[in-house]
Amino acid sequence: MKKHKLKKIIPGKELKQKVAQLGKKISKDYARANPVLVGILKGSFVFLADLVRELDIPHEVDFISVASYGSETKATGVVKLLKDLSINIKGRHVIIVEDIVDTGLTLNYIRRNLLTRSPKTLEIITLLDKKKRRKINVPLKYVGFSIPGEFVIGYGLDYNEQYRNLPFIAKII
Ligand code: IMP
Ligand code: MG
């Protein structure tokens with residue numbers, strides 16, 4: 001695959017600091033709640049892996065995988081469930097873990113889907129927020145970084161399935 005020229009926009013050191021802060025906050029807010037952290041595959045896997053290692057409270061991890069129809073640049077909001085949770089979240093404190101919120105359409109679908117299962121609470125954490133691109137409002141309890149509407153890669157985020165391994169957030173130039 002062709003190598004692209006990348007411009008680093010969030011260095012690994014800043015990611016690490018932010019993830020530690022978020023982990024501390026969640027550990028405080030959910031001290032006796034034994035929350036279920038639900039990672040949205042695939043993009044959230046790096047963030048989630050680092051986040052749970054900053055938690056010092058009991059918690060469980062699960063994953064959900066969805067496919068959005070339409071390209072990265074033209075989200076439609078039509079979502080198909082590819083892999084469901086394995087944990088029953090009824091009566092549980094659930095935190096959805098997302099890599100990036102763009103239009104909000106994917107997350108809105110997942111949130112509504114999970115709400116039908118009667119969790120005790122349902123909140124969202126996202127590492128990155130492209131607020132200006134939002135088409136539908138989704139309540140975000142924890143946000144790592146607000147960024148401009150440009151396409152970014154690294155730390156779990158891909159371009160054609162590449163670059164998820166980068167230990168920093170970059171854009172392609
Ligand atoms: P939304 O439904 O428009 O909010 O899109 C959310 C999903 O699109 C994210 O979970 C990502 O998988 C993907 N996505 C949105 N923006 C970017 C980006 O800048 N880089 C990589 N993936 C992105
Ligand atoms: Mg995603």
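Note that ligands are numbered from 1 as they come in the structure, with each ligand's atoms numbered from 1 the same way. Heads up: numbering here begins at 1 and tracks the sequence.
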S.K.: Are any of the heavy atoms in D99 under 4.0 Å away from ligand 1?
M.R.: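 Distance cut 4.0 Å: D99 passes for ligand 1.
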S.K.: Please check if the side chain of S27 supplies one atom and the backbone of D56 the other of a donor-acceptor pair under 3.5 Å.
M.R.: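 The answer is yes, because a donor-acceptor pair under 3.5 Å joins these two groups.
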S.K.: Between E98 and ligand 1, which residue portion shows a heavy-atom distance shorter than 4.0 Å: side chain, backbone, both, or neither?
M.R.: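 It is the side chain that gets close, since no backbone atom is under 4.0 Å.
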S.K.: Evaluate the side-chain proximity of I153 to I169: yes if any heavy-atom separation is below 4.5 Å, no if none is.
M.R.: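 With C-beta onward as the side chain, the pair stays apart.
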S.K.: Looking at T103, which atoms of ligand 1 are within less than 4.0 Å of one of its heavy atoms?
M.R.: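 Close to T103: 1 (P), 2 (O), 3 (O), 4 (O).
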S.K.: Looking only at heavy atoms of R134, does any of them come nearer than 4.0 Å to an atom of ligand 1?
M.R.: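 Checking ligand 1 against R134, which is what was asked, there is no heavy-atom contact under 4.0 Å.
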S.K.: Checking R92 side chain against N34 main chain: does a donor-acceptor pair fall under 3.5 Å?
M.R.: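 Pair found, side chain donor or acceptor close to backbone of N34.
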S.K.: Need the ligand 1 atom indices (1-based, order shown) with element for anything under 4.0 Å from a heavy-atom of T106.
M.R.: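 Here the atoms of ligand 1 in question are 1 (P), 2 (O), 5 (O), 6 (C).
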S.K.: Can you sort out which atoms of ligand 1 are near K130, meaning under 4.0 Å from one of its heavy atoms?
M.R.: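 Matching atoms, with element in brackets: 16 (N), 17 (C), 18 (C), 19 (O).
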S.K.: Any cation-pi pair here, K18 with F145, using under 6.0 Å and within 45°?
M.R.: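 Positive - K18 is close enough to the ring of F145 and near enough to its axis.
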S.K.: If the contact criterion is a heavy-atom separation under 4.0 Å, does I153 count as touching ligand 1?
M.R.: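 Outside the 4.0 Å threshold, so no.
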S.K.: Under 4.0 Å between a Lys/Arg side-chain N and an Asp/Glu carboxylate O for K130 and E150?
M.R.: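 No.
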S.K.: Under 4.0 Å from a heavy atom of V152: which atoms of ligand 1 are those, numbered in the order shown and with their elements?
M.R.: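 By the 4.0 Å cutoff, the relevant atoms are 18 (C), 19 (O), 20 (N), 21 (C).
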S.K.: So is D158 touching ligand 1 or not, going by heavy atoms under 4.0 Å?
M.R.: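 The answer is yes, since D158 has a heavy atom less than 4.0 Å from ligand 1.
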S.K.: With heavy atoms only and a cut-off of under 4.0 Å, state how K135 meets ligand 1: side chain, backbone, both or neither.
M.R.: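 Near ligand 1, K135 shows nothing, with every heavy atom at 4.0 Å or more.
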S.K.: Does some non-hydrogen atom of G104 fall short of 4.0 Å from ligand 1?
M.R.: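 Contact present.
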S.K.: Verify, without hydrogens or angle tests, whether D62 (side chain) and S86 (backbone) share a donor-acceptor contact under 3.5 angstrom.
M.R.: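 Such a contact is found between D62 side chain and S86 backbone.
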S.K.: Using a 4.0 Å cut-off to any heavy atom of L157, which atoms of ligand 1 qualify?
M.R.: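 Close to L157: 21 (C), 22 (N).
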S.K.: Tell me if a side-chain donor or acceptor on D158 pairs with a main-chain N or O of Y163 at a distance below 3.5 Å.
M.R.: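 No; zero donor-acceptor contacts below 3.5 Å.
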S.K.: For ligand 1, which part of I100 has a heavy atom less than 4.0 Å away: the side chain, the backbone, both, or neither?
M.R.: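 It is both parts that get close, each with some atom under 4.0 Å.
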S.K.: Run the ring-centre check on Y159 versus H4 and record whether the distance is less than 6.0 Å.
M.R.: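 Under 6.0 Å, so yes.
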S.K.: Can a donor-acceptor pair be found, under 3.5 Å and without considering hydrogens, that links the side chain of K171 to the backbone of I9?
M.R.: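 No: the side chain of K171 does not pair with the backbone of I9.
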